[in-house]
Enquirer: 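First the structure, then my questions, so here it is.
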Amino acid sequence: MAEKKNQEYNHRLIEKKWQLLWEKKKIFQAKNKGKKFYSLMEFPYPSGDGLHTGHVRGYTAMDIISRKRRMEGFNVLYPIGWDAFGLPTENYAIKTGISPFKVTKTNTDIFRKQFKELGMSFDWSREVNTTDPNYYKWTQWMFLQFLKHDLAYKAKIAINWCPKDKIGLANEEVVDGRCERCGTLVEKRDKEQWLLRITRYADRLDKDLDTIDFQEKIKLQQKNWIGKSVGVEIEFPISNFQFSNKEDTKIKVFTTRPDTIFGATYLVLAPEHKLIQKLKSQIINWDEVLKYINIVKNKSELERTSEGKEKTGVELKGIKGRNPATNQEIPIWIADYVLLSYGTGAIMAVPADDKRDEEFAQKFNLPIVKNYKPAGFEDFGKQVVKFKLRDWIFSRQRYWGEPIPVVHCQRCGIVPLSEKDLPLKLPKIGRYEPTDTGESPLASISNWVNTRCPKCGGRARRETDTMPNWAGSSWYYLAYAMQGISSTLREPISKYQKTLKYWMPVDWYNGGMEHTTLHLLYSRFWNKFLYDIGVVTTSEPYKKRTSHGLILARGGEKMSKSKGNVINPDDIVKTYGADTLRMYEMFMGPFEEAISWNDDNIFGVLRFLERFWRLKEKISKKSKSDQKFEALFHRTIKKVNDDIESMAFNTAISAMMILLKEMERREFVLKKEYEVFLKILSPFAPHITEELWRKLGHKKLIIEEKWPKPDLKKMIDLEVKIVVQINGRVRAECLIETGAKETEVLELARTLPDVNKWLIGKEIKKIIYVPNKLLNLVMV
RNA sequence: GCUCGGAUGGCGGAACAGGUAUACGCGCACGACUUAAAAUCGUGUCCCGUAAGGGAUGUGGGUUCGAUCCCCACUCCGAGCACCA
């Protein structure tokens with residue numbers, strides 16, 4: 001009885017065993033030579049909840065690809081690490097008083113264990129952690145390079161402020177006017193902030209998308225976000241006014257439709273436009289103007305955009321502009337539908353052509369010309385390119401992030417730390433709350449804050465802002481390559497150049513769509529900068545980018561703790577095994593699309609694995625299969641191969657299910673064929689296939705075997721089924737040798753009663769023949 | 001509002017250089033094995049019709065010998081952007 005039980009498929013008896021053996025043999029450790037393949041899935045934020053089913057989907061997909069590449073002879077790097085700085089850990093620390101260092105340690109331990117239990121073929125020797133001082137030393141080093149090249153600067157700007165998290169947010173972190181993390185309404189606050197000049201790279205970030213293999217929807221989203229538009233800057237003279245400064249005699253507007261200039265009947269400035277203050281003395285209704293400016297200033301972003309888009313504005317009375325095309329005097333208005341941050345902060349309004357201008361003109365009774373004559377594109381100004389992309393707000397007023405390595409010296413101003421003084425370590429503290437003044441808790445640690453200026457030796461204060469959690473993830477793909485040298489990141493940068501050149505770019509990068517305008521754009525920018533200063537040799541970090549769909553709870557809702565509908569992958573692994581979970585998540589539907597979890601369907605793949613396990617009993621010593629089976633067999637090898645490449649994992653598995661059924665139906669299974677089947681299944685279900693491979697008596701592991709190639713000649717059937725249609729409707733089918741000519745098929749078709757009865761007394765007008773597929777007889 | 005996806009059995013989904021719609025899986029029904037149940041295996045499973053045949057891929061048109069696939073109009077769902085001149 002016990003003996004019999006051992007022979008049944010039991011994941012508990014095999015999965016751990018192989019995981020330990022892989023680890024012991026260091027089978028997944030990448031070398032730094034050979035034909036390389038760098039596959040990457042976005043590294044996780046190690047939250048206290050552990051891995052969720054969505055993680056499993058993405059990591060399994062890249063694990064399948066990585067395992068296949070290894071069998072194809074590539075030197076594969078499939079690394080893993082932890083993006084561990086960030087708010088949830090800090091908030092947890094505030095709530096419990098437990099140090100974020102400790103929380104991070106606990107959480108990464110859990111994640112690591114879970115990944116191992118899933119059989120992920122990570123190179124654990126290259127594990128990185130963004131909160132490790134050896135790691136963030138480099139994040140800080142890169143910040144200093146930005147600073148050195150004038151790409152990091154501090155400025156007082158109106159930022160998005162989350163009053164609950166007490167933190168400034170980048171534009172990319174504001175969703176529908178609310179904080180991306182906690183959903184609180186975002187306020188505007190004037191604050192000194194660090195910014196990175198990502199806008200200097202806007203054009204390259206846009207253009208270079210054409211050189212890389214990203215999914216179209218990803219490229220589109222990035223293009224929309226960068227928002228490149230080509231237009232013309234046109235100067236409208238201000239009439240009836242004497243200026244001391246010549247520059248101030250004109251209002252510069254940006255338009256993508258300079259051809260509509262003859263229809264421009266008024267000008268609009270953004271309320272924050274600098275010129276307004278300069279024109280103050282000439283504006284008759286200044287009180288009214290000032291009142292409007294203040295109202296706009298105090299409106300939140302959400303209010304400004306959500307008030308039904310009802311247009312508001314005030315005319316600047318006392319001054320007029322002149323349309324250079326018509327030479328007519330036109331009024332000048334200010335209105336908040338014109339944004340200071342885009343173009344020149346001023347527009348020429350063409351109410352006949354632009355919907356917003358039309359609404360505004362109607363509300364305030366401004367003239368609308370129809371039937372104006374079109375102008376040439378550059379007749380009244382010169383062509384310029386504008387972007388929607390804004391500079392990246394790079395500082396956060398929080399504890400749990402990389403300290404920004406500069407000091408503020410009373411005499412020298414902002415002074416960067418010397419590179420040899422990195423890392424600037426985050427001091428351990430007892431309280432993690434942000435201060436009410438909106439400063440980081442670091443500000444209250446006087447023995448850390450008060451320091452000496454590296455330049456003059458005088459008194460100085462450390463910068464207390466920290467970096468956003470997008471910093472560490474902007475270059476982690478480089479860290480994996482660097483990490484390989486000696487398992488540390490301690491060497492000077494020159495030591496890493498060879499290995500960086502060898503590994504970069506990442507060959508295949510998978511991740512979530514939610515990171516398209518954040519992480520993906522930031523890291524491309526970061527890499528381009530490092531390319532420009534000679535640290536890396538490719539200007540794009542990722543050759544190919546794909547994305548996985550979300551996994552939703554049953555019924556299509558998002559999984560969430562509050563709804564109690566969260567599926568814990570640990571439970572599935574425990575009950576059914578890692579191989580079953582991996583295969584289920586790959587089989588459940590199209591990889592790129594969102595899909596609902598359904599426990600019932602797990603049994604489908606579990607049964608498949610159990611049946612596969614039993615198949616070994618049918619192995620025979622015979623040496624040849626029939627041609628028909630071989631055709632199916634080789635077609636399956638090809639399909640599994642091609643489907644993995646296009647991430648159509650669901651149909652790859654379905655093809656293997658069909659093959660299994662066919663092999664069960666037959667009286668015997670050839671050992672050769674069985675082994676090939678094991679190999680093509682192995683990336684999906686690595687444990688059971690290693691076990692069965694070993695049971696066949698092999699000493700080597702299946703992961704060390706070669707990926708099978710289909711025999712294209714054997715894929716072709718000797719006979720094919722041809723569908724016979726009459727007037728496009730299927731009436732019969734017949735078997736005929738592959739590659740038969742039209743006349744042969746027609747001759748055979750005529751003999752079929754189901755065809756013949758439609759032909760009686762009628763004339764065939766036209767014959768359409770698709771070789772090996774279909775014959776369509778068109779009748780009168 | 002704009003941009004991009006999507007809509008196929010009871011359910012998840014296949015089929016895309018226009019060529020047998022519903023592969024594969026789940027569920028369900030019946031049968032075999034069991035004293036019995038579970039498990040397993042086998043058969044069936046879009047709708048109407050005894051059949052011949054007809055109707056079905058969100059809706060309505062069009063192109064074509066032939067349309068899930070291409071074109072036009074619309075409805076609904078999802079994602080992204082959102083006064084970007």
Side-chain angles (χ1 to χ4, degrees), chain A residues 8 175-177 216-225 227-229 231 253-258 260 264 268 270 301 304-307 309-311 335-339 341-350 353-357 359-360 386-390 513-514 516-517 549-550 552 554 556 583-584 587-590 592-605 607-608 610-611 614 648 650-658 660-661 664-665 721-733 757 765-779:
Chain A
E8 284 168 16
V175 178
D176 293 331
E216 275 312 308
K217 60 177 174 182
I218 298 173
K219 285 191 184 181
L220 255 161
Q221 252 189 57
Q222 290 225 345
K223 273 189 187 287
N224 288 342
W225 190 264
K228 180 178 180 170
S229 55
V253 305
F254 172 73
T255 178
T256 53
R257 295 288 311 275
T260 65
V268 188
E301 196 74 4
R304 208 167 145 167
T305 52
S306 70
E307 284 168 3
K309 283 176 189 152
E310 176 76 13
K311 297 279 182 291
D336 69 355
Y337 82 94
V338 175
L339 309 172
S341 56
Y342 185 73
T344 60
I347 62 156
M348 64 176 201
V350 186
D353 204 73
D354 185 288
K355 230 171 124 188
R356 295 154 304 180
D357 295 344
E359 271 173 43
F360 192 79
K386 299 281 180 192
F387 297 92
K388 282 196 236 177
L389 187 69
R390 302 273 72 89
M513 278 309 283
E514 70 275 21
T516 302
T517 53
L550 287 176
L552 305 166
R554 216 175 174 140
M583 282 198 77
Y584 167 62
F587 185 62
M588 65 197 300
E592 284 160 34
E593 281 166 37
I595 196 146
S596 301
W597 186 270
N598 187 346
D599 287 310
D600 300 338
N601 290 327
I602 293 173
F603 294 110
V605 287
R607 277 179 205 144
F608 169 79
E610 286 170 343
R611 280 163 48 205
R614 277 180 246 134
N650 52 338
T651 49
I653 292 171
S654 132
M656 289 190 281
M657 285 171 165
I658 293 168
L660 174 64
K661 191 169 265 177
E664 286 172 333
R665 214 169 267 155
K721 190 164 70 178
I722 300 229
V723 168
V724 184
Q725 295 184 334
I726 310 290
N727 287 334
R729 304 213 57 143
V730 179
R731 298 299 179 188
E733 53 188 43
K757 71 180 178 191
K765 210 170 86 184
K766 197 173 167 191
I767 299 167
I768 288 120
Y769 177 59
V770 183
N772 301 327
K773 263 194 183 148
L774 162 145
L775 179 77
N776 187 12
L777 305 177
V778 185
M779 315 296 293

Enquirer: Taking only the side-chain nitrogens and oxygens of A:R729, find out if one of them lies under 4.0 Å from OP1 or OP2 of B:G19.
Expert: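 No, outside the criterion.
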
Enquirer: Which nucleotide, in any strand shown, forms a Watson-Crick or G-U wobble pair with B:C69, with both distances under 3.5 Å?
Expert: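 Here B:C69 is not engaged in any pair, so there is no nucleotide opposite it.
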
Enquirer: For atom C1', what is the distance between B:C41 and B:C33, given to the nearest Å?
Expert: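 It comes out at 8 Å once rounded to the nearest Å.
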
Enquirer: Should the side chain of A:K721 and the base of B:U20 be counted as holding a donor-acceptor pair, with the cut-off at 3.5 Å?
Expert: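 By the distance-only test, yes, there is a pair.
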
Enquirer: Side-chain N or O of A:K217 less than 4.0 angstrom from OP1 or OP2 on B:C4?
Expert: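 So the side-chain polar atoms of A:K217 never come under 4.0 Å of the phosphate oxygens OP1 or OP2 of B:C4.
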
Enquirer: Which is true for A:I658 with a 4.0 Å heavy-atom rule: it touches a base, it touches only sugar-phosphate, or it touches nothing?
Expert: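 Sugar-phosphate contact only - A:I658 comes under 4.0 Å of backbone atoms but never of a base.
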
Enquirer: Looking only at atom P, what distance separates B:A39 and B:C28, rounded to whole Å?
Expert: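 Rounded to whole Å, the distance is 10 Å.
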
Enquirer: Measure from the side-chain heavy atoms of A:K661 and tell me the nearest of B:C65, B:G25, B:A85.
Expert: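 It is B:G25.
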
Enquirer: Parallel under 30°, tilted from 30 to 60°, perpendicular over 60°: which one fits the rings of A:F360 and A:Y337?
Expert: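 Tilted, since the angle between the ring planes falls between 30° and 60°.
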
Enquirer: Can you tell which of B:A15, B:A85, B:G12 lies closest to the side chain of A:T651?
Expert: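 For the A:T651 side chain, the nearest candidate turns out to be B:A15.
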
Enquirer: With sugar-phosphate meaning primed atoms plus P, OP1 and OP2, does A:E733 contact a base, only sugar-phosphate, or nothing at under 4.0 Å between heavy atoms?
Expert: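 Here A:E733 touches the bases of the nucleic acid.
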
Enquirer: Scan every strand shown for a Watson-Crick or G-U wobble partner of B:C2, both distances under 3.5 Å, and answer none if you come up empty.
Expert: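 When the pairing criteria are applied, B:G80 turns out to be the nucleotide that pairs with B:C2.
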
Enquirer: Rounded to whole angstrom, note down the P distance from B:G10 over to B:C16.
Expert: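 Looking at atom P only, B:G10 and B:C16 are 24 Å apart.
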
Enquirer: For B:G6 versus B:G58, give the span between their C1' atoms, rounded off to a whole number of Å.
Expert: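 Those two atoms are separated by 11 Å.
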
Enquirer: For atom P, what is the distance between B:G55 and B:C4, given to the nearest Å?
Expert: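 That atom pair is separated by 36 Å.
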
Enquirer: Does a distance-only test, which skips hydrogens and angles, find a donor-acceptor pair under 3.5 Å between the side chain of A:N776 and the base of B:C65?
Expert: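 Donor-acceptor pair under 3.5 Å: yes.
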
Enquirer: Look at the side chain of A:Q725 and the base of B:G19, then say whether one donor and one acceptor between them are separated by less than 3.5 Å.
Expert: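 Present.
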
Enquirer: For A:K219, answer base if it contacts any base atom (sugar-phosphate contacts may also be present), sugar-phosphate if it contacts only those atoms, and nothing otherwise; contact means non-hydrogen atoms under 4.0 Å.
Expert: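 Touches nothing.
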
Enquirer: Across all strands shown, which nucleotide pairs with B:U64 by Watson-Crick or G-U wobble geometry, both distances under 3.5 Å?
Expert: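 In the structure as shown, B:U64 has no Watson-Crick or wobble partner.
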
Enquirer: Just compare B:G80, B:C41, B:G13 and give me whichever is closest to any side-chain atom of A:Q221.
Expert: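 The closest nucleotide is B:G80.
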
Enquirer: Please state whether the base of B:C83 and the side chain of A:K311 form at least one donor-acceptor pair under 3.5 Å?
Expert: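 Under the 3.5 Å cut-off, the side chain and the base do form a donor-acceptor pair.
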
Enquirer: Return the nucleotide paired to B:A29: Watson-Crick means purine N1 to pyrimidine N3 with N6-O4 or O6-N4, wobble means G-U with N1-O2 and O6-N3, both under 3.5 Å.
Expert: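 In the structure as shown, B:A29 has B:U43 as its Watson-Crick or wobble partner.
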
Enquirer: Categorize A:I768 for me: base, sugar-phosphate, or nothing, with a 4.0 angstrom heavy-atom threshold over every strand shown.
Expert: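 Base, at least one base heavy atom under 4.0 Å.
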
Enquirer: With a 4.0 Å cut-off on heavy atoms, is A:K388 in touch with a base, just the backbone sugar-phosphate, or nothing at all?
Expert: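 Here A:K388 touches the bases of the nucleic acid.
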
Enquirer: Is A:R607 near enough to B:C24 that one of its side-chain N or O atoms lies under 4.0 angstrom from OP1 or OP2?
Expert: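 The answer is no; no side-chain N or O of A:R607 sits under 4.0 Å from OP1 or OP2.
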
Enquirer: For the side chain of A:P590, starting at C-beta, report the closest nucleotide among B:C65, B:A85, B:A14.
Expert: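 Nearest to the side chain of A:P590 among the choices is B:A14.
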
Enquirer: Is A:I595 touching bases, backbone alone, or none of the nucleic acid, heavy atoms closer than 4.0 Å?
Expert: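 Since only primed, P, OP1 and OP2 atoms lie under 4.0 Å of A:I595, the category is sugar-phosphate.
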
Enquirer: Rounding to the closest angstrom, what is the interatomic distance between B:A15 and B:U57 at atom C1'?
Expert: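 Pairwise C1' distance, B:A15 against B:U57, rounds to 11 Å.
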
Enquirer: Across the strands shown, which category fits A:D357 at heavy-atom distances under 4.0 angstrom: base, sugar-phosphate, nothing?
Expert: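 A:D357: no heavy atom of the nucleic acid under 4.0 Å.
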
Enquirer: Need one value for A:R614: base, sugar-phosphate or nothing, where a base atom within 4.0 Å counts as base even if backbone is also close, heavy atoms only.
Expert: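 Since only primed, P, OP1 and OP2 atoms lie under 4.0 Å of A:R614, the category is sugar-phosphate.
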
Enquirer: Would you say A:N650 reaches B:A14's phosphate, i.e. side-chain N/O to OP1/OP2 under 4.0 Å?
Expert: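 For B:A14, OP1 or OP2 has a side-chain N or O of A:N650 closer than 4.0 Å.
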
Enquirer: Base, sugar-phosphate, or nothing: which does A:S341 touch, judged by heavy atoms less than 4.0 Å apart?
Expert: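 Contact class for A:S341: none.
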
Enquirer: Identify whether any heavy atom of A:N598 sits under 4.0 Å from a base atom; if not, whether one sits that close to sugar-phosphate; answer base, sugar-phosphate or nothing.
Expert: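 Counting heavy atoms under 4.0 Å across all strands, no contact is made by A:N598.
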
Enquirer: At under 4.0 Å, does any side-chain N or O of A:K773 touch on OP1 or OP2 of B:G66?
Expert: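 Indeed not, no polar side-chain atom of A:K773 lies that close.
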
Enquirer: Just call it for A:R665: base, sugar-phosphate, or nothing, with non-hydrogen atoms closer than 4.0 Å on any strand.
Expert: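 No contact at all - A:R665 keeps every heavy atom at 4.0 Å or more from the nucleic acid.
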
